[in-house]
Amino acid sequence: GENLADPGAYSARVIANLDGGDLGGLAGREFYLWNTVVVGDPVGPESGYSKVYEGKGLVQSSVHRYFVNVPAGATAMRVRLEVSEDTGSSRGARVMTEICNPEGHVRGGWGGYAGVDEHPIRDQVVLAPELYPGTWEIDVASSIGAMDKSDYRLSVSFDGYTFTPDTVTDLGREKNGADATANVTVTRSFAGVFKGDATVAIEGFTATEEVEITKADEYTRDFTLDSTTPRAAFHLVMSEKVGNLFTDCAVNILDSKGKAVRVNGFDGLEADVGISLPAGAETATFTLQVVGAFALAADMEEWGFDLEEKYFFAHPVQGQASRAGGGPLRLYCGVPTEVELSFTDEWQAAPADMGTFGAIRFNDTRTDDRRPGDEGGRLVLEIPIRLE
């Protein structure tokens, strides 16, 4: 209602009492129920799909919380944190940001601390499909080691595009020695003009699996890294039903001697873990290990999760992405634009039961409506490539 008009998190306790009977007061209480309502700042065409917050006096080890409504159709959210003399900070200021989706999962990775002398501007980008409409939380936190209160500027901006196909699944060659080619059509859906460039690359091998485990609390999978694919990343997702079986669920990577070299766990219903080939090694074998701490031993009868594994090329195969018909790459609002993809070089065939993955990335280099620091451009769209 009108009492919840301002952005923020509102919490209240609902108290249920017995109606009538012999019990009254605390003895007649049935239950307490905490309710939280989150109201986000609207961001849309009237604000240029952006929002700027000026933070003042953030003390050490403290947090300012912001809530933003991601608009429908957004394909990229850029969160910029600036700590500088321009924002009013001294050299002792030191802050960072954490981005959480509506489910509470952290997105955008680790952006690092911003400070006056070193890295006064820090950027984080969240792309679709990880980015979706809803109320997102952006926390600005001051370091325990900050020598002074922090004044900062937090800028949140969005870009939106539609494209077909939603995934490139075929890069065919008409004959031996010919380039591998494909086309995508991209349309800017938010007001404005994209002025920039696009890159395309084949980046490695991937596979997905629905893992099913019975009568065990542990799952293991061996894998090998070598000079061709020296890095691996795993993404695990479990259902809410399975998640309720655990007090905790560890996700580790073990070396060939069984020693844990990466230690992690599920954050809610998701987990991410990865590893790279040790320096100087030609090859190395590891084991992905998932260990469930069940509340009840009987629950390990049947459980599982969805697993996505990726093995990254040491040298991604680069292609060309250009506007059909030539000329600079411009994407106007509401105007479909065809982009041609081509690869001269070939890439290694994927192992059995795996596919090849890559991406097309669009980088907006227009700087006339951006703050200083955008000279390198900003990532606004990523279209996946999946080849079986």
Side-chain angles (χ1 to χ4, degrees), residues 5-11 38-44 46-71 74 76-102 104-127 130-131 135-159 192 196 267 363-380:
D6 295 330
Y10 300 85
S11 295
V38 177
V39 179
D41 263 319
V43 180
E46 66 285 344
S47 63
Y49 292 100
S50 64
K51 183 72 176 179
V52 179
Y53 302 94
E54 301 285 347
K56 298 296 182 181
L58 180 61
V59 301
Q60 297 88 335
S61 296
S62 297
V63 177
H64 286 169
R65 303 174 71 190
Y66 299 93
F67 299 93
V68 177
N69 291 337
V70 172
M77 175 174 68
R78 198 277 303 277
V79 175
R80 162 162 289 186
L81 180 65
E82 180 180 350
V83 179
S84 63
E85 293 180 354
D86 183 50
T87 67
S89 275
S90 73
R91 298 176 68 180
R94 194 166 185 259
V95 294
M96 50 81 71
T97 54
E98 185 173 75
I99 305 167
C100 299
N101 70 9
H105 297 298
V106 175
R107 296 291 185 250
W110 161 245
Y113 279 98
V116 174
D117 288 334
E118 188 175 359
H119 303 297
I121 293 178
R122 291 289 197 178
D123 285 340
Q124 292 166 275
V125 176
V126 182
L127 299 172
E130 280 195 338
L131 182 69
T135 302
W136 288 58
E137 180 174 352
I138 303 171
D139 296 332
V140 180
S142 178
S143 167
I144 192 174
M147 301 303 292
D148 198 357
K149 295 180 181 179
S150 298
D151 296 340
Y152 59 86
R153 180 178 295 114
L154 177 68
S155 306
V156 185
S157 56
F158 297 91
D159 287 273
D267 177 12
N363 195 49
D364 192 341
T365 57
R366 176 174 50 106
T367 61
D368 54 352
D369 65 342
R370 312 297 184 197
R371 287 189 56 78
D374 277 322
E375 286 77 4
R378 53 182 290 177
L379 184 62
V380 298

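Remember, predicted model here, so these are calculated numbers, not experimental data.
- Side-chain contact between Trp136 and Met77 is present, with heavy atoms from C-beta onward closer than 4.5 Å.
- Ring geometry, Tyr53 versus Tyr66: the interplanar angle falls from 30° to 60°, so the pair is classed tilted.
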Practice item. Show your working on side chain to side chain contact (heavy atoms under 4.5 Å, CB included) between Val70 and Leu131 and close with a plain yes or no. Key: CA-CA 8 Å; Val70 172; Leu131 182 69; 3.9 Å; yes

**Study point:** Derivation and outcome, side chain to side chain contact (heavy atoms under 4.5 Å, CB included), residues Asp123 and Val79
**Key:** CA-CA 6 Å; Asp123 285 340; Val79 175; over 6 Å; no

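- Within the 4.5 Å cutoff, the side chain of Arg65 has heavy atoms near those of the Glu137 side chain.
- Judged by distance alone, with hydrogens and angles left aside, the side-chain atoms of Gln60 form a donor-acceptor pair with the main-chain N or O of Ala146 at under 3.5 Å.
- At a threshold of 4.5 Å between non-hydrogen side-chain atoms, the residues Thr135 and Val68 do not count as touching.
- Taken to the nearest 0.5 Å, the CG atom of Asp364 stands 10.0 Å off from the CZ atom of Arg78.
- Side chains of Ser143 and Arg94: a donor-acceptor N/O pair is present below 3.5 angstrom, by distance only.
- Contact annotation: the side chain of Glu85 approaches that of Val116 to within less than 4.5 Å [non-hydrogen atoms, C-beta and beyond].
- Rounding to the nearest 0.5 Å places NZ of Lys56 at 11.5 Å from NE2 of His64.
- In this structure, Ser90 OG and Lys149 NZ are separated by 11.0 Å, a value rounded to the nearest 0.5 Å.
- With respect to Leu81, the side-chain contact (heavy atoms from CB on, under 4.5 Å) criterion is satisfied by exactly one of Ile138, Ile121, Val95: Val95.
- Applying the side chain to side chain donor-acceptor pair (under 3.5 Å) test to Gln124 and every residue at least two apart in sequence or in another chain returns Thr97.
- A salt bridge does not link Asp148 to Arg91: none of the charged nitrogens lies less than 4.0 Å from a carboxylate oxygen.
- Closest heavy-atom contact between Val63 and Asp139: CG1-CB, 3.8 Å.
- Every residue two or more places apart in sequence or in another chain that forms a side-chain contact (heavy atoms from CB on, under 4.5 Å) with Glu54 is listed here: Val52, Arg153.
- Under the 4.5 Å side-chain criterion, counting only non-hydrogen atoms from C-beta, Val126 is in contact with Ile99.
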Exercise for review: Could you please spell out the steps behind the side chain to side chain contact (heavy atoms under 4.5 Å, CB included) verdict for Asp6 and Val39?
Suggested key: CA-CA 7 Å; Asp6 295 330; Val39 179; over 6 Å; no

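- Rounding to the nearest 0.5 Å gives a distance of 12.0 Å between CG of Leu127 and CZ of Arg107.
- Taking every heavy atom of both residues into account, Ala93 and Val83 meet most closely at CB-CG1, 3.7 Å.
- Defined by atom type and a distance below 3.5 Å, a donor-acceptor pair is present between the side-chain atoms of Arg378 and Ser157.
- Smallest separation of non-hydrogen atoms from Met96 and Tyr113: CG-CE2, 3.4 Å.
- The side-chain heavy atoms of Tyr152 and Ser89, taken from C-beta on, include no pair separated by under 4.5 Å.
- Side-chain atoms of Val43 and Val156, non-hydrogen and from C-beta on, never get closer than 4.5 Å to each other.
- Side chain to side chain, Thr87 and Asp151 fail the donor-acceptor criterion of an N or O pair below 3.5 Å.
- Glu98 places a side-chain heavy atom less than 4.5 Å from the side chain of Val106.
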